[in-house]
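Beneath this line is the structure, given in structure tokens, with notes to follow.
The chains referred to below are lettered A, B, ... by the order of the sequence lines, with proteins before strands, and numbering in each begins at 1.
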2 protein chains.
Amino acid sequence: MNQDTQLAISIHILCLLALSEGERTTSERIAGSVNTNPVVIRRTLGRLRRAGFVHSQNGIGGGWTLARPAKEITLRALMDVIRTSPLLAMRREAPNPDCLVGSQIRPVLTGYYEKAEAALLERLGESTVADVVRDIVRAARKGRRV
Amino acid sequence: MNQDTQLAISIHILCLLALSEGERTTSERIAGSVNTNPVVIRRTLGRLRRAGFVHSQNGIGGGWTLARPAKEITLRALMDVIRTSPLLAMRREAPNPDCLVGSQIRPVLTGYYEKAEAALLERLGESTVADVVRDIVRAARKGRRV
DNA sequence: TTTCTCGTAACAGTTCACGTTACGAATAGG
DNA sequence: CCTATTCGTAACGTGAACTGTTACGAGAAA
């Protein structure tokens, strides 16, 4: 259904930056990890930069750094910045206004959908990029042991 | 982004059937309310039928009816039947396995995503088709008063 | 001045849901 | 038995949206 991978890409990028604190990471290197084109990365990072999550610098030795601690970036905050449309979608075409259900269902459903999405966002607000980084490091350790 | 309107269509259809208890409703009439093609309706209804939510009958005077009370159909149950892919998506292409983040992020993110979706589903499980029907009728009354 | 990297526009390619046509199967009525 | 109606489903076209790619200007460091 939904084919919005922007949140996944954003988290991936910020984890990389969090693990490279002190140095700048280029969009090309990030693209190598995500396995896509650097322009795709720069597009996503542009939105994160405008929202104040990352900082960029041009020229030789340039690249991207976190603009605030990974501990203070919740997955929900990323979602709020990245998301462009509701998770639970309705049809583009309006239903029949001459029908009881058709004339009323849109605003009614919107209410139910917003509550459901709020629950999801609340859960996303309980985790930060730092949590994800921690899990990644742990998973890598476990993998090596085997 | 997500462009799956199946849940919205399903709820719309079941509200119509709930309001037409005792009679059969044709896919053409439903399509008139949803404002789409009858085949689209039959496609969605086919899945709901296989899941035991509705019953269909061919021939003259045929059509669709609810197979169980609207009170006993939660929005979550519909979501479980209708949904084909996770709400929070990841990229099709796998990330770089030679990178710490790239090699671990998929299973780690899956965990976070599943918890977030579970919260959304839980909220959807608190409402039924009967609730939606009630809200629709109320909204219509209010609209007339003005 | 050169080199590197971001910033962004523009366009092609792909995927997926939706719309439409078509036709067989099942059912009711005469 | 025959006809009309409606479901059930396959097949294909259409359109929108995300992704991938090229291109090029702007800014910064050596």
Exercise. Among residues 24-40 of chain A, which contact DNA chain D at a heavy-atom distance under 4.0 Å?
Worked result: A:T36, A:N37, A:V39, A:V40
Seminar exercise, completed: Residues of residues 8-18 of chain B with a heavy atom under 4.0 Å from any atom of DNA chain D, listed by number, are none
Expressed as a whole number of angstroms, how long is the span from [X]:[atom1] to [N]:[atom2]?
X     : N      : atom1 : atom2 : answer
A:I41 : D:dT19 : CD1   : P     : 11 Å
A:R43 : C:dA10 : CZ    : C1'   : 10 Å
A:D4  : D:dT19 : CG    : C1'   : 12 Å
B:R42 : C:dT21 : CZ    : P     : 13 Å
A:R83 : D:dC18 : CZ    : C1'   : 18 Å

For this session: Report yes or no: do B:Q6 and B:T44 form a side-chain donor-acceptor pair below 3.5 Å?
Result: yes
Exercise. Looking for any heavy atom pair under 4.0 Å, which part of the strands does B:R47 touch: base, sugar-phosphate only, or nothing?
Worked result: nothing
Problem set entry | Partners passing salt bridge (Lys or Arg N to Asp or Glu O under 4.0 Å) against A:R76 (at least two apart in sequence or in another chain) | A:D80
For this session: Using salt bridge (Lys or Arg N to Asp or Glu O under 4.0 Å) as the criterion, list what pairs up with B:E28, not counting sequence neighbours.
Result: none
Seminar exercise, completed: Students should find that the end-to-end axis angle of the helix from C:dT1-D:dA30 to C:dG30-D:dC1, with five pairs defining each axis and rounding to 10 degrees, is 10°
For this session: With B:I11 as reference, evaluate A:L109, A:V101, A:V108 under the side chain to side chain contact (heavy atoms under 4.5 Å, CB included) test and give the passing residue.
Result: A:L109
For this session: Scan A:T65, A:V54, A:L48 and name whichever one has a side chain to side chain contact (heavy atoms under 4.5 Å, CB included) with A:L17.
Result: A:V54
Return the polar atom pairs (N/O with N/O) between nucleotides 27-30 of chain C and the protein under 3.5 Å, or none.
unit_1 : atom_1 : unit_2 : atom_2 : d
C:dA28 : OP1    : B:Q57  : NE2    : 2.8

Exercise. Starting at the 5' end of DNA chain D and moving along, which residue's nearest nucleotide shows up first, B:E93 or B:S56?
Worked result: B:S56
Exercise. Would you say A:R49 reaches C:dC6's phosphate, i.e. side-chain N/O to OP1/OP2 under 4.0 Å?
Worked result: no
